[in-house]
Asker: 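Before I ask anything, let me first share the structure, which is written out below as structure tokens.
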Amino acid sequence: MAKMTMVQALNLALQQEMKNDDSVVLLGQDIGADGGVFRVTDSLIDTFGEKRVIDTPLAESAIIGMAVGMAIHGLKPVCEIQFSGFAYQSFHQLENHAARMRWRTQGRLTVPMVMRAPYGGGIRALEHHSESREAYWAHTPGLKTVIPSGPRNARALLVAAIRSPDPIIFYESKALYRAYREEVPEQEEIMEIGKSNIARSGDDVTIITYGAMLQPTLEAADVLAQEGINSEIIDLLTISPLDDSLMVESIKKTGCAVVVHEAPRSFGPGAEIVSRLMEDAFYYLEAPIQRVTGYDIIIPYFSREKDYLPNVRRIVLAAKAALQKI
Amino acid sequence: MPRTKIDLPETIDYLSILDEHGNVDQELEPDISESKLRALYRSMLLGRRFDERMVDLQRQGRIGTFPPIKGQEASQIGSIFQLRPTDWFVPAFRETAAEIWRGRSLESILLYYNGYNEGTLLDRDQKDLPLAIPVSSQILHATGLGYAANYRDSGEIVMVYFGDGATSEGDFHEGLNCAAVYQTPVLFICQNNQWAISIPVKKQTHSQTIAQKALAYGMPGIQVDGNDILAVYAATKEAAERARNGGGPTLIECVTYRVMMHTTADDPSRYRSDTEVESWIKKDPLSRFENYLIDKAFLNDSSREKIEQEVRKQIQAAVESAEKQMQDLGAPVDMFKHLYADLPRQLKKQREELRAHLTAAEREVDNG
């Protein structure tokens, strides 16, 4: 096993899937010679050529709209939208077509495509480059929204996304792209979409999170552990369809919960998570569920972004509030 | 030299073969066999009569909102004729005649406009996309299909339809631009029917023609009399041959007219004059083609009447059959079908929730 960054792990997934299946094609801006602005598609054009690693004109709607046509034809397009903040120019193609084609044709035409897009803050980027708007996609019937939290699961989930018969929104945290390395097996590894994971076991408080927020949540758990509080961390990995089974089981054990995400709070994924817990675990809850999220404002320019994003201190305090220890 | 002229093609062709009375320009007359001409005529007539029946049915409350095609039969049948079953058809939402030509049953159209998902069901291997109601969004699907056809070297071509209003949307630009960049085998058929609901084409674009927009993308463009089936046929044939031979995409502007309302929910008297409509009715594509066929002795009063009766019978049978089918359709829980390859757990739960409501509601009715 080699130690890889998330960028390298994603590149490995693309490379292996393209090798396995000639229906897998990539399309996006600057993904060819440039290897993508984050280098996720680095060197793939040398191996697979420009017919399979397609540098597109600067047009997000075209990337997704063409992918819809390609997927109907039987290809498995993997689109790269350079930053998720630019995906809105393709929103109607995903909402009106990718998400609905199977339903609208009674299963005759399907759109097995992936939209990869870097999301989230934390890298001191320019405006429109740091949003966390996964709720848009999660709110759209017909799509599935996947957000990995580290190199190894990013690789295994991207493989699953490419092989999925349904259209997948695949959000990659750019803060995690090169944050750390992890052992990633050379041989094939695949994870099931729609399954959450216990990232840390504990029985005092349940903390539910995903994507980039897993790291500060793990750190917060270390801090809490020093005070004798054992956190159970649920890493969602898929936002929609939301797997509520592990979190419900965890609440039965802990009786209290915190939800952490960098997306704005109102109508964010946390709202759905809390509702599910109210529906399925209400009688096990001993305290109100806490939310640690981005504020309901536009993510500030980068000089202030670290105070916008959830951090270890806020997560620790929220866990204590959930435990009614403050 | 600070300022010189860039040599660009400055003209595009306009093609018309049949005049308003059906007189043919013999030099341009395409060579089409009698049986094919009769097939074209029959399809135009079927498109016309079915359209009229749909409007009647809507007025009787037997179907929902419907967008009539009347006046656009030549644009549709003249172009779709060039597609083989192995080629791809990408409609907008006012191509009923073309859809029927491709093999979509009248029953399925009736079911669709009566609000049943089952009305979208086509043969499994039919290479037709469903209607696209968000204007111009389908254009990109055609470009993508064309890319895939090239990638697989399948020899297929793609024909996509849209209206004059669609040319103002970004997806029109992106779709044509990408098709030209990748030289995909796509025929872009613009049915310029002069109106996008209440907006006349003059307010849609300041360009003299829609066809000329092709020049900016570096692809051939042609404007044809869209009420002249022979002109549409000839222009499409040329473009289809070019696409099949690796010559890339073409934009064809069919100048036609939306004789009826935008949809049955629209009232055109609010924005256009009867005089204008009447002037276009004089250019009716069906009677023009009829006169041509009569002149060629391929059609006479009795054979015309025979086709008319066949078409009416076919429509009547379809209406009866669709209305019968509807009695057995409509299990509400079917709304959950086909959203995903496998329905996620949470959705199964919601489906059961609906099922339980339905059962309880039924029980309440049974108990009075």
Asker: For a quick test of reading the model, state the closest non-hydrogen atom pair linking Ala263(A) to Tyr210(A) and the distance between them.
Answerer: CB-OH, 4.5 Å
Asker: For Asp128(B) versus Arg108(A), what's the shortest heavy-atom pair and its separation?
Answerer: O-NH2, 2.8 Å
Asker: Can you tell me which of Gly119(B), Ala142(B), Ala149(B), Gly146(B) forms the most heavy-atom pairs within a distance under 4.5 Å of chain A?
Answerer: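 Top option by heavy-atom pairs under 4.5 Å: Ala149(B).
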Asker: Does a side-chain heavy-atom distance below 4.5 Å link Glu99(B) with Tyr112(B)?
Answerer: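 SC-SC contact between Glu99(B) and Tyr112(B) ruled out.
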Asker: Which atoms of Pro241(A) are under 4.5 Å from chain B, going by heavy atoms: the side chain, the backbone, both sets, or neither?
Answerer: side chain
Asker: Is it true that Asp244(A) and Lys349(B) make a salt bridge, defined as a side-chain N closer than 4.0 Å to a carboxylate O?
Answerer: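 Lys349(B) and Asp244(A): not salt-bridged.
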Asker: Output the option from Leu129(B), Asn177(B), Asp125(B) having the highest count of non-hydrogen pairs under 4.5 Å with chain A.
Answerer: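 Between Leu129(B), Asn177(B), Asp125(B), the count favours Leu129(B).
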Asker: Apply side chain to side chain donor-acceptor pair (under 3.5 Å) to the pair His97(A) and Arg104(A), showing each step before the final yes or no.
Answerer: CA-CA 9 Å; His97(A) 296 297; Arg104(A) 295 188 66 234; 4.6 Å; no
Asker: Given side chains that start at C-beta, do those of Arg102(B) and Glu95(B) come closer than 4.5 Å, heavy atoms only?
Answerer: no
Asker: What residue, out of His173(B), Glu156(B), Lys127(B), has the most heavy-atom pairs lying under 4.5 Å from chain A?
Answerer: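 Top option by heavy-atom pairs under 4.5 Å: Glu156(B).
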Asker: Let me know if Asp171(B) has heavy atoms under 4.5 Å from chain A in its side chain, its backbone, both or neither.
Answerer: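 The side chain, not the backbone.
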Asker: Over all heavy atoms of both residues, which pair between Asp235(A) and Ser149(A) is shortest? Give the atoms and the distance, please.
Answerer: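 Closest pair (atom of Asp235(A), atom of Ser149(A), distance): OD2-OG, 2.5 Å.
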Asker: Considering only heavy atoms from C-beta outward, does the side chain of Ser137(B) approach that of Gln93(A) to under 4.5 Å?
Answerer: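 The answer is yes, as the side chains (C-beta and beyond) meet within the 4.5 Å cut-off.
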Asker: Can you tell me which portion of Asn150(B) sits under 4.5 Å from chain A's heavy atoms? Options are side chain, backbone, both or neither.
Answerer: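 No part of Asn150(B) comes within 4.5 Å of chain A.
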Asker: Tell me, for Ile72(A) versus chain B, whether the close heavy atoms (under 4.5 Å) come from the side chain, the backbone, both or neither.
Answerer: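 Interface part for Ile72(A): both.
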Asker: So for Leu122(B), is it side chain, backbone, both, or neither that comes closer than 4.5 Å to the heavy atoms of chain A?
Answerer: both
Asker: Just wondering, more than 12 heavy atoms not from Phe86(A) lying within 6.0 Å of its CZ?
Answerer: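 Buried by this count: over 12 neighbours within 6.0 Å.
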Asker: Tell me, for Ala67(A) versus chain B, whether the close heavy atoms (under 4.5 Å) come from the side chain, the backbone, both or neither.
Answerer: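 Contact with chain B: none, neither part.
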Asker: Is the closest basic N to carboxylate O distance between Arg276(A) and Glu272(A) below 4.0 Å?
Answerer: yes
Asker: Would you mind checking which part of Ile139(B) comes under 4.5 Å of any heavy atom in chain A, side chain (CB onward), backbone (N, CA, C, O), both or neither?
Answerer: neither
Asker: Tell me, out of Asn117(B), Ile133(B), Val90(B), Leu121(B), who's got the most heavy-atom pairs with chain A below 4.5 Å.
Answerer: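 Between Asn117(B), Ile133(B), Val90(B), Leu121(B), the count favours Asn117(B).
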Asker: Counting only heavy atoms closer than 4.5 Å, note whether Leu347(B) contacts chain A via side chain, backbone, both or neither.
Answerer: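 Looking at Leu347(B), nothing touches chain A.
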Asker: Considering only heavy atoms, which portion of Ala179(B) lies under 4.5 Å from any heavy atom of chain A: side chain, backbone, both, or neither?
Answerer: neither
Asker: Check this for me: does any side-chain nitrogen of one of Asp22(A) and Arg152(B) sit under 4.0 Å from a carboxylate oxygen of the other?
Answerer: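 Judged by the 4.0 Å cut-off on N to carboxylate O distance, Asp22(A) and Arg152(B) do form a salt bridge.
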Asker: Where on Glu118(B) is there a heavy atom nearer than 4.5 Å to chain A: the side chain, the backbone, both, or neither?
Answerer: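 Both backbone and side chain.
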Asker: Looking at Arg52(A), Arg100(A), Gln89(A), which one has more heavy-atom pairs under 4.5 Å with chain B than the rest?
Answerer: Arg52(A)
Asker: Taking every heavy-atom pair that is under 4.5 Å apart, which of Leu242(A), Thr110(A), Leu75(A) has the most such pairs with chain B?
Answerer: Leu75(A)
Asker: Side chain, backbone, both or neither: which part of Tyr147(B) has a heavy atom under 4.5 Å from chain A?
Answerer: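 Tyr147(B) touches chain A through side-chain heavy atoms alone.
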Asker: What residue, out of Gly194(A), Gly74(A), Ser164(A), Gly65(A), has the most heavy-atom pairs lying under 4.5 Å from chain B?
Answerer: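 Winner by heavy-atom pair count: Gly65(A).
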